[in-house]
Each structure stands twice: as C-alpha cells, then as structure tokens.
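In what follows, every heavy atom counts, from backbone to side chain, and hydrogens, waters and symmetry copies are set aside. Sequence positions, counted from 1, serve as the residue numbers for this chain.
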Amino acid sequence: MTAPQPKVSTNSQLYDQDFYLWLETTAEQLKAGKFAEVDLANLIEEIECMGRSEKRALESNLVVLLMHLLKYKYQPEKRTNNWLSTIFEHRRILTKNLQDSPSLKNYFSETFAECYQDARQQAAIETGLSLDTFPVESPFTTDESLDKDFLPE
C-alpha cells in the first residue's frame with residue numbers, strides 16, 4: 001500500500017508542502033514546455049538562492065584557505081601534512097568552482113580582502129597568536145592563493 005499523496009491545488013502550495021516533489025514537478029513542467037503551469041515566483045527565488053549559495057561557498061573555502069596559509073606562514077614550527085592537505089583541498093574546490101562558473105572570478109577578487117580579514121581573525125583564534133601578528137593587508141595575492149605550487153615562507 002502506498003502512502004497517499006498530499007492534496008495540492010497549486011504549485012505554490014506544493015512548494016510549501018513537499019519541496020522535493022515541487023522540484024520534480026517543476027522540472028517535468030519545464031521539460032514538457034508547460035511554462036504556464038510553472039510556479040515562477042518560487043522558481044525565481046530558488047535560482048537566486050542558488051547564486052547566493054555559490055558565493056557563500058566560495059567565501060567559506062577562501063577563508064579556510066587563507067587561514068591555513070597564514071598558519072603555515074606564521075607558525076612554521078607547527079606545520080603539518082594536515083595543513084598542507086587542507087590548503088590543497090580548498091584550492092582544488094575554489095579552482096573547480098571558478099572553472100565551472102567563470103563569472104565568479106570577479107566576485108572572488110572583490111571579496112578577497114574581506115575574506116582575508118575573516119581568515120586573519122580566525123587564524124589568531126586558532127593559533128593563540130595576537131591578531132597583530134598577522135598583517136592587516138593580505139601577504140598573499142589572489143593568484144598566489146590559488147597557485148598549487150605556492151606556499152608562504
């Protein structure tokens with residue numbers, strides 16, 4: 001016996017009641033060219049949300065990368081393979097995201113300084129070093145941060 005499907009009179013109500021079913025229904029409507037049936041308001045909202053999520057993921061990975069580059073530079077006696085692995089992984093993710101969405105390259109450059117400030121604060125917290133240990137301006141360029149062969153000395 002199968003579970004009864006919810007009674008829904010509009011796609012907008014379906015969006016609130018069963019998001020996954022709404023996604024499936026919307027995809028099928030688009031594939032079938034039934035554009036008049038598409039819940040356009042919620043579809044637009046979801047697409048905009050996806051764009052914001054891409055930006056937030058880029059910021060998050062950049063902060064982690066910059067924090068580990070700072071730790072690597074300012075705590076050479078504590079360097080570990082784990083730090084190198086984290087640097088490698090977040091560079092890989094950022095590079096892949098920028099390849100998949102080249103239009104994010106401008107955003108990467110625009111948000112770099114802000115992400116560096118977050119990374120600087122996080123590095124101070126994680127290392128126990130004074131915030132003043134880390135320069136106010138990033139000691140790494142945007143290109144260096146993504147360069148798989150670059151490690152600060």
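Checked by atom type and distance alone, the side chain of Lys73 pairs as donor or acceptor with a backbone atom of Glu153 at under 3.5 Å. Ser145 places a side-chain N or O within donor-acceptor distance of the main-chain N or O of Thr142, the cut-off being under 3.5 Å. In this structure, the side chain of Glu144 engages the main chain of Thr141 through a donor-acceptor pair within 3.5 Å. Side-chain atoms of Thr127 come within 3.5 Å of backbone N or O of Ala123 as a donor-acceptor pair. With hydrogens and angles disregarded, a donor-acceptor distance shorter than 3.5 Å links the side chain of Thr86 to the backbone of Asn82.
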Side-chain polar contacts of residues 60-72 - donor-acceptor pairs under 3.5 angstrom, sequence neighbours left out - could you list them?
{"residue": "Asn61", "atom": "OD1", "partner": "His90", "partner atom": "ND1", "Å": "2.7"}
{"residue": "Asn61", "atom": "ND2", "partner": "Ala57", "partner atom": "O", "Å": "2.8"}
{"residue": "His68", "atom": "ND1", "partner": "Val64", "partner atom": "O", "Å": "3.1"}
{"residue": "Lys71", "atom": "NZ", "partner": "Glu126", "partner atom": "OE1", "Å": "2.6"}

Please tabulate, one pair per line, all N/O donor-acceptor pairs under 3.5 Å involving side-chain atoms of residues 94-106, not counting sequence neighbours.
{"residue": "Thr95", "atom": "OG1", "partner": "Arg91", "partner atom": "O", "Å": "2.8"}
{"residue": "Lys96", "atom": "NZ", "partner": "Asp100", "partner atom": "OD1", "Å": "3.4"}

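Inter-residue side-chain proximity for Ile125 and Leu131 is flagged as unmet; no heavy-atom pair is nearer than 4.5 Å. Taking the side chain as every heavy atom from C-beta outward, Tyr15 and Glu46 approach each other to under 4.5 Å.
Residue Phe88 places its CZ atom among 12 or fewer non-hydrogen atoms of other residues, nucleotides or ligands, all under 6.0 Å distant.
We find the CG-OG distance between Leu43 and Ser12 to be 12.0 Å, quoted to the nearest 0.5 Å. Here the straight-line distance linking atom CD of Gln75 with atom OG1 of Thr133 works out to 9.0 Å at 0.5 Å rounding. The CD1 atom of Ile87 sits 5.5 Å away from atom CG of Leu84, with the distance rounded to the nearest 0.5 Å. Atom CG of Leu58 sits about 11.0 Å away from atom CD1 of Ile93, to the nearest 0.5 Å. Here OG1 of Thr25 is found 11.0 Å from CG of Leu30. Values are rounded to the nearest 0.5 Å. A distance of 7.5 Å separates OG1 in Thr26 from CG in Leu14, rounded to the nearest 0.5 Å.
Under the 6.0 Å cut-off for aromatic ring centres, Tyr116 and Phe112 do not qualify, their centroids lying 6.0 Å or more apart.
Residues that satisfy the ring pair (Phe, Tyr, Trp, His ring centres under 6.0 Å) test with Tyr74, not counting sequence neighbours, are Phe134.
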